[in-house]
Amino acid sequence: MPSTNASLTAVFEDMARLTEVLGGNGFKVNAFVKAARVVEALERDAASFSRSELVALPGVGTGTADRILEFVESGAVADHEDLKERVPAGVVALMGISGIGPKSAARFWHEAEVESIDDLKAAIDDGRLAALKGFGQKKIDGIAKSLAFAERFGDRHRRGVAAALAGAVAEAVAGVEGVRRVEAAGSLRRGAETIGDVDVLAAVPGPGPSAEDPTPAPDPGVTAAVFDAVEKLDGVEEVLVRGDTKLSVRFGAGLQADVRAVPAACFGAALAYFTGSKEHNVALRERAGKRGMSLSEYALTDKRGGAVVASATEAEIHGALGLAFVPPELREDRGEVQRAEAAHDAGEPLPRLVETADLKAELHAHTTASDGVMSIDELVEAALARGFHSVAVTDHSRSQVQANGLSAGRLEKHIEAVRDAAKRWKKQISVLAGSEVDILADGTMDYPDDLLAELDVVVASPHAALAQEPEAATRRLLRAIENPHVTVMGHLTGRLVLKREGLSPDMPAIVKAAADRGVALEINASPYRLDLRDRHAALALEAGVRLAINTDAHGPDNFLNAVHGVATARRAGAQARDVVNTFGREELAAWIRSTKR
DNA sequence: GCCGTTTTCGGCCCGACTGTTTTCAGTCG
């Protein structure tokens, strides 16, 4: 995303929060949030838009347009600066604590002199909070718990741990007598790289929605059994909420799971609702309203009379709203509703996104030669078990000493061993000799060109000097892309999810160079990496760059991580033909040859 | 602040749950 857009997104988000804490008009707050979403989703730099082009964007009026122009001109928005002067910097942060919203944050600030998280802790300890009307011991205990929790774990989690937990919860729920269907929803289903809470939805017996009973209750007996089963799961530390339809539990590992029970006839509406995102849901409800309907987690209904229009499946609801079915990974209110409308009007579905089952090759995997746990044959067998027609053996290069990277001499011998295995496995699978070659800080490769020329597949990856300035990082990566032997650029930024920011190169320049050169950019599917991230993958696709979804497998189970890489690719809108791992055996071989200069 | 085959003014997305309330505000998703 162009940097102007990122900065403007932050400005509008901050204006929303500041307006909220100052008790301003809630609809104005929503308008700022919406403006942030619109700017975030722009495909061009906001600076390149004229005023009339801006006003034509849905959600952007003259006020937002003028603020965008002001920011492009001067680098700041006067109204935003004014708001910031009126609110201490730490007050907005209070709203980041679960249980504290704008009203409470404002009261803490005005009535208890709380202007930061540290102030809040002190105010809890010295009784200033308890002196406020409406804040009993339970509320204060809840806030103290949330504070301690946020400090211990932060509020986001890698999707790998969230997926595992969701699986355990879903399994427990599915085992309850009377449960018709179970599905993980929320940001996990949308394929997001980090997850706040795990949402699991259970369909249980109960009446369908109707004009007389628009919010039918799920069977209380089955619902109670579902909630009991989840509360009994290993690792449940605390029950936060338990009502007639909703259970929230907190696990010791720091994750929270929300379980909802709905009558089976409402499952589609509920699944759409709990999958979100919030912004996407709001967009759908607004759309429903404009068409004389109302959308809730129970049903899409006619406003007059309340007749049920659709409720059982998501596809029916989207269709009744005049939309093609929107895959969960696209539901971020980044233009998908408009695209689904256009597709629906043309009588077509949205393009089919890449699926895990489409993957037929792995181009980045390690063996015991460097830091993997599989022999060459074990790696080949793991690939065969996935139904793959090709696998590249890509152990670390010599600079990766801690990972037992191969010296030039060891690589020569390793290539021989791979070629030998390739002959033995030839009838079943193509075994390719490769290497994950370090891109050194100056952009040179960790092996000389004549050695690289002996390899079928070169995955070029940065591993060190990951705090480099953007200019240096850009030069470094461009130089690697220009190397005539490189096939795939591996985990391009070197970021680690929730842990390390990694390189911040000029992505438009990188994707243009990759397009010109014909190399693929990897989506590293490890939930620790997910690098490229979704936005960058979308930029690559726009530039016509092929993606490679690789698991970077160090052990056989790592192949299962492909699903996370696919989720990221789907968020970017990737179709199967955009991903080289979906190519047929001969097609892939031909593509690899085409990358050689 | 945005928006209009109900509206250029007066609306604007829907429901569950909790706490401290005696009828509802605040928060969350």
Side-chain angles (χ1 to χ4, degrees), chain A residues 12 15-16 19-21 23-38 54-68 77 79 94-108 130 132-143 146 155 185-187 190 195-199 201 209 214-218 223 239-248 256-262 266 269-270 272-301 303-304 321 333:
Chain A
F12 285 120
M15 288 183 78
T19 304
E20 226 179 351
V21 83
N25 182 331
F27 298 110
K28 197 165 163 179
V29 172
N30 287 342
F32 285 139
V33 170
K34 191 163 195 172
R37 293 285 81 78
V38 171
L54 289 168
V55 172
L57 297 167
V60 175
T62 52
T64 300
D66 287 339
R67 289 188 174 101
I68 292 173
V77 175
D79 290 343
L94 298 177
M95 289 191 280
I97 303 296
S98 179
I100 300 180
K103 299 287 195 298
S104 301
R107 288 195 58 202
F108 295 168
L132 297 183
K133 190 168 155 60
F135 283 88
Q137 199 55 46
K138 278 196 173 180
K139 266 194 184 176
I140 292 172
D141 285 349
I143 289 170
S146 297
D155 59 351
S187 52
R190 295 202 309 278
I195 309 298
D197 305 329
V198 167
D199 291 292
L201 189 63
T215 63
T223 300
V239 177
L240 301 169
V241 167
R242 179 163 176 160
D244 296 335
T245 68
K246 170 182 170 173
L247 172 77
S248 287
Q256 180 180 323
D258 293 344
V259 182
R260 325 267 180 152
V262 295
C266 300
Y273 180 76
F274 293 118
T275 297
S277 65
K278 187 170 191 275
E279 293 78 13
H280 170 88
N281 285 351
V282 169
L284 288 197
R285 285 199 218 105
E286 284 176 353
R287 184 178 179 86
K290 283 176 188 158
R291 298 180 156 230
M293 295 180 278
S294 175
L295 179 62
S296 77
E297 61 257 55
Y298 293 93
L300 179 66
T301 54
K303 263 186 188 167
R304 289 184 201 168
L321 289 171
D333 194 25

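Computed from a predicted model, the values in this text were never measured in an experiment.
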Determine the interatomic distance between [atom1] on [N] and the same-named atom on [M]; round to the nearest Å.
{"N": "B/dC12", "M": "B/dT6", "atom1": "C1'", "answer": "14 Å"}
{"N": "B/dC3", "M": "B/dT8", "atom1": "P", "answer": "16 Å"}
{"N": "B/dG15", "M": "B/dT20", "atom1": "P", "answer": "27 Å"}
{"N": "B/dG1", "M": "B/dT7", "atom1": "P", "answer": "24 Å"}
{"N": "B/dG11", "M": "B/dA16", "atom1": "P", "answer": "25 Å"}

Given atom [atom1] of [X] and atom [atom2] of [N], what is their separation to the nearest angstrom?
{"X": "A/E286", "N": "B/dG11", "atom1": "CD", "atom2": "P", "value": "17 Å"}
{"X": "A/K103", "N": "B/dC24", "atom1": "NZ", "atom2": "P", "value": "17 Å"}
{"X": "A/D79", "N": "B/dG1", "atom1": "CG", "atom2": "P", "value": "7 Å"}
{"X": "A/N30", "N": "B/dG11", "atom1": "CG", "atom2": "P", "value": "17 Å"}
{"X": "A/K278", "N": "B/dC28", "atom1": "NZ", "atom2": "P", "value": "11 Å"}
{"X": "A/D258", "N": "B/dC28", "atom1": "CG", "atom2": "P", "value": "12 Å"}
{"X": "A/M95", "N": "B/dC28", "atom1": "CE", "atom2": "P", "value": "10 Å"}
{"X": "A/Q137", "N": "B/dT20", "atom1": "CD", "atom2": "P", "value": "9 Å"}

[X] has a side chain; which of [options] sits nearest to it?
{"X": "A/S104", "options": "B/dT27, B/dG1, B/dG15", "value": "B/dT27"}
{"X": "A/T215", "options": "B/dG1, B/dA16, B/dG19", "value": "B/dA16"}
{"X": "A/S296", "options": "B/dG19, B/dG15, B/dG1", "value": "B/dG15"}
{"X": "A/Y298", "options": "B/dC17, B/dG1, B/dG15", "value": "B/dG15"}
{"X": "A/V241", "options": "B/dT18, B/dG1, B/dG19", "value": "B/dT18"}
{"X": "A/T62", "options": "B/dG15, B/dG26, B/dC2", "value": "B/dC2"}

- Task: Using the closest heavy atom to pick a nucleotide of DNA chain B for each, name whichever of A/D244 or A/M293 lands nearer the 5' end.
- Result: A/M293
- Message: I want to confirm an ordering. Mapping A/A105 and A/G61 to their closest nucleotides on DNA chain B, which one lands closer to the 5' end?
- Response: A/G61
OP1, OP2 of [N] versus side-chain N and O of [X]: anything below 4.0 Å?
{"X": "A/S248", "N": "B/dC17", "result": "no"}
{"X": "A/T64", "N": "B/dC2", "result": "yes"}
{"X": "A/R242", "N": "B/dT18", "result": "no"}
{"X": "A/S294", "N": "B/dC14", "result": "yes"}

Under 4.0 Å, heavy atoms only, any strand: does [X] hit a base, just the sugar-phosphate, or nothing?
{"X": "A/I143", "answer": "nothing"}
{"X": "A/R287", "answer": "nothing"}
{"X": "A/L284", "answer": "nothing"}
{"X": "A/V60", "answer": "sugar-phosphate"}

- With side chains defined as the heavy atoms from C-beta onward, is the minimum distance between A/R67 and A/F12 less than 4.5 Å? yes
- Considering only heavy atoms from C-beta outward, does the side chain of A/V262 approach that of A/P218 to under 4.5 Å? no
- Query: Using purine N1 to pyrimidine N3 plus N6-O4 or O6-N4 for Watson-Crick, or N1-O2 and O6-N3 for G-U wobble, both under 3.5 Å, which nucleotide pairs with B/dT8?
  - Reply: none
- Query: Counting only heavy atoms not in A/D244, do more than 12 fall under 6.0 Å of its CG?
  - Reply: no
- Which pairs count as salt bridge (Lys or Arg N to Asp or Glu O under 4.0 Å) when at least one residue sits in residues 287-298 of chain A, sequence neighbours excluded? A/R287-A/E341
- Polar side-chain atom of A/S146 near backbone of A/G142 as donor-acceptor pair, under 3.5 Å: yes
- Answer yes if the side chains of A/D258 and A/Q256 hold a donor-acceptor pair under 3.5 Å, and no otherwise. yes
- Message: To the nearest 0.5 Å, what is the distance between CG on A/L132 and NZ on A/K139?
- Response: 10.0 Å
